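Just so it is clear, the structure is predicted and the values come from calculations on it, not from any experiment. Just so we're on the same page: letters track the sequence lines, and every chain starts at 1. Atom set for the values below is all heavy atoms of this structure, side chains included, hydrogens, waters and symmetry mates excluded.
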Protein chains: 2
Amino acid sequence: MEEKEISQAVIGRLPRYLRYLGELKDEGIERVSSQELSDIMQATASQIRQDLNTFGGFGQQGYGYNVGYLYDEIRKILGIDKEHRLIIVGAGHLGQALVNYTNFERRGFIFRGIFDCNPEICGEQIRGITVRPMEEMAGFIRENDIDIAVLTIPKTSAVEVAKKLSDCGIKGIWNFAHVDLPVPAYIQVENVHLSDSLMKLSYNLSSVREESEADRKVDGNGQNR
Amino acid sequence: MEEKEISQAVIGRLPRYLRYLGELKDEGIERVSSQELSDIMQATASQIRQDLNTFGGFGQQGYGYNVGYLYDEIRKILGIDKEHRLIIVGAGHLGQALVNYTNFERRGFIFRGIFDCNPEICGEQIRGITVRPMEEMAGFIRENDIDIAVLTIPKTSAVEVAKKLSDCGIKGIWNFAHVDLPVPAYIQVENVHLSDSLMKLSYNLSSVREESEADRKVDGNGQNR
DNA sequence: AAATTCTTGTCAATTGATTGACACAACCCT
DNA sequence: AGGGTTGTGTCAATCAATTGACAAGAATTT
C-alpha cells in the first residue's frame with residue numbers, strides 16, 4: 001500500500017493543518033500559500049511544503065494551495081473521509097464524557113456501544129446508547145463491524161481487556177489507561193496518558209528560565225515545542 | 001536556573017520511566033540496570049542511560065541504578081515532589097471527569113476550584129468543590145496561589161479565557177480546547193488535543209502495511225513510535 | 001506577448017535525536 | 001586482596017527531522 005515509511009512527526013502535524021485550513025475555509029478564503037500558512041500557524045513555510053509534498057503535489061507554483069482541495073485531501077490521508085465505528089470500554093466519568101462530546105461524531109467517529117464490567121450500570125443509557133456487560137463485547141464488535149475500542153478503564157484491567165479486544169479482531173485502540181498495552185503489532189494503539197501530559201507541564205513550569213521572565217514577549221503559538 | 005536546554009523528547013519520556021520504576025518499587029526490587037529496564041520498557045539501554053545522564057549521574061558502575069533513589073530524583077526533576085494547585089475552567093462532562101479522577105490528587109495535583117460561565121450550575125458541588133462563576137476566577141487564583149488552570153471549555157471561548165488567565169498570573173495551562181492559545185511565552189501550555197490524537201489513530205489504521213499483516217508478531221510495546 | 005512576480009517542489013545543508021562502542025569505576029567472588 | 005565481571009558515563013557515529021536555497025512552472029501585469 002505504502003512505498004516509503006512516513007514519519008509519525010509528519011502525521012502528527014496533519015490534524016493541525018486541517019484545523020487551520022478549516023478555519024480559512026469558513027472565512028471563505030480559497031487559496032493560501034505556504035508562506036501565509038506559516039505566518040498564522042507558527043511553522044516554517046519550508047516544513048509545510050515538505051510535509052504536504054510527502055503525500056503528493058497539492059499546490060501550484062505561483063498560485064499556492066487551494067484551501068478546499070487541500071482540506072479534502074488531508075481528510076483522505078487521515079482516513080477521516082469515511083466513518084469509523086467505536087465502542088467505549090469503561091463507562092466511568094471519562095468514558096461518559098467522551099460519549100457526550102459530540103464533536104467526534106461530527107468528524108465521523110461514531111460511538112456504537114458502551115461496555116462496563118459493573119452489572120449495576122448495565123442497561124442504563126448514555127446519550128441513547130445502552131451500557132452492556134463485558135461478556136457481550138466480542139460478539140458486538142464482530143456484528144457491528146467496530147474499528148476502534150476506546151479504553152477508559154483502570155490500568156489494572158486494561159491489559160486483560162486489550163488482550164480480549166485483540167482476540168476479537170479490533171483494529172485500533174484509543175488507550176486512556178495508564179499502561180502500555182502489549183498487543184500484536186498489527187493493532188494500532190494511540191495512547192492518551194493524561195498524567196504524563198500533566199507531568200510534562202509540571203516540568204516546564206519549574207524550569208521556566210529567567211531569560212524568558214525577562215523579555216516577556218508574546219509567543220503567539222500554543223503547541224508543544 | 002538551567003545551563004543547557006533539555007529537549008522535550010527527553011522530558012516526554014521521564015513520566016514513562018517513572019511509571020516503570022514505580023512498578024519495580026512495588027515489587028520490592030531495589031536495583032536495576034539500564035539493560036534490564038531496556039528489556040521491560042522496550043527502549044534501548046543507550047537511550048535510557050543518555051536520558052538519565054542529562055540530569056546527573058544517578059547510577060553506579062557495576063551496580064546499576066537504585067530504584068527508589070532514581071524514582072525520587074525523577075519526581076524532583078518533573079517537579080511533582082511538591083503540590084500543585086489547579087482550577088478547572090469549564091464544568092462540562094470532561095471537566096467533571098477530571099475532577100473525579102482521584103489519581104491526579106494522589107500525584108500532588110490538587111483541584112482547588114471549578115469555574116463555569118453557566119450561572120445555573122454555579123453553586124453546585126462536584127466532589128466537594130463548589131462551582132463558581134467566571135467573575136470570581138481572577139481573585140480566586142491570586143488568593144489560593146493557583147499554579148495551573150485546566151481549560152475544558154469550547155474552543156470559541158478558550159482564547160478569551162486564556163487571555164484572562166494570563167492577566168491574573170497563572171503559570172501553566174492544561175488545554176483541552178481545540179485551539180492553539182496565544183499566550184505570552186513565559187506561560188507554559190500543555191495541549192491535549194483529543195481529536196488530533198484520534199485522527200492520528202485513524203491514519204495509522206488505514207495505513208497498516210501488508211507486511212505487518214503477514215508476520216503477525218507481538219510488539220510488546222504500546223507507546224507511539 | 002513579453003516581462004515580472006509569485007510560489008511550489010526539491011535538493012542540499014544543518015540541526016537534532018538515537019544508537020553503538022568502549023574506557024574505566026565499582027562491585028562481587030574466591 | 002586480587003582478578004574477573006558488571007554496567008555506567010560519555011564520546012563518536014549514525015540516523016532522522018528541520019531549515020534554507022533555488023530552479024522552474026504558473027499566474028499576473030504591462
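Taking the six-membered ring where the residue is Trp, the centroids of A:W174 and A:F104 are separated by under 6.0 Å.
One finds the CG atom of A:L94 at 7.5 Å from the CG atom of B:L98 (value rounded to the nearest 0.5 Å). Rounded to the nearest 0.5 Å, atoms CZ (A:F55) and CD1 (A:I77) are 5.0 Å apart. The distance from atom CZ of B:R75 to atom CG of B:L14, rounded to the nearest 0.5 Å, is 13.5 Å. Here the straight-line distance linking atom OG of A:S202 with atom CD of B:E190 works out to 11.0 Å at 0.5 Å rounding.
At whole-Å resolution of the value, CD in B:Q35 and C1' in D:dT8 are 12 Å apart. Rounded to whole Å, atom C1' of C:dC6 lies 13 Å from atom OH of A:Y65. Between A:E5 atom CD and D:dA16 atom P there is a gap of 10 Å when expressed in whole angstrom units. Here C:dT7 presents its P atom at 13 Å from CD1 of A:I48, a figure rounded to the nearest Å. One interatomic measurement links the two molecules: CG of A:N53 to C1' of C:dT7, which rounds to 13 Å at whole-angstrom precision. Atom CZ in A:F58 sits about 9 Å away from atom P in C:dG9, given to the nearest Å.
In the displayed structure, B:E105 atom CD is contacted under 6.0 Å by more than 12 heavy atoms of other residues, nucleotides or ligands.
Close to C:dT7, at under 4.0 Å from its OP1 or OP2, lies no side-chain N or O of A:S34.
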> Reading nucleotides 17-30 of chain C from the 5' end, what letters show protein touch, with B for base, S for backbone sugar-phosphate only, - for no heavy atom under 4.0 Å?
Replying inline: SSBBBB-BBBSS--

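Comparing D:dG9, C:dT10, D:dG7 against the side chain of B:S33 picks out D:dG7 as the nearest.
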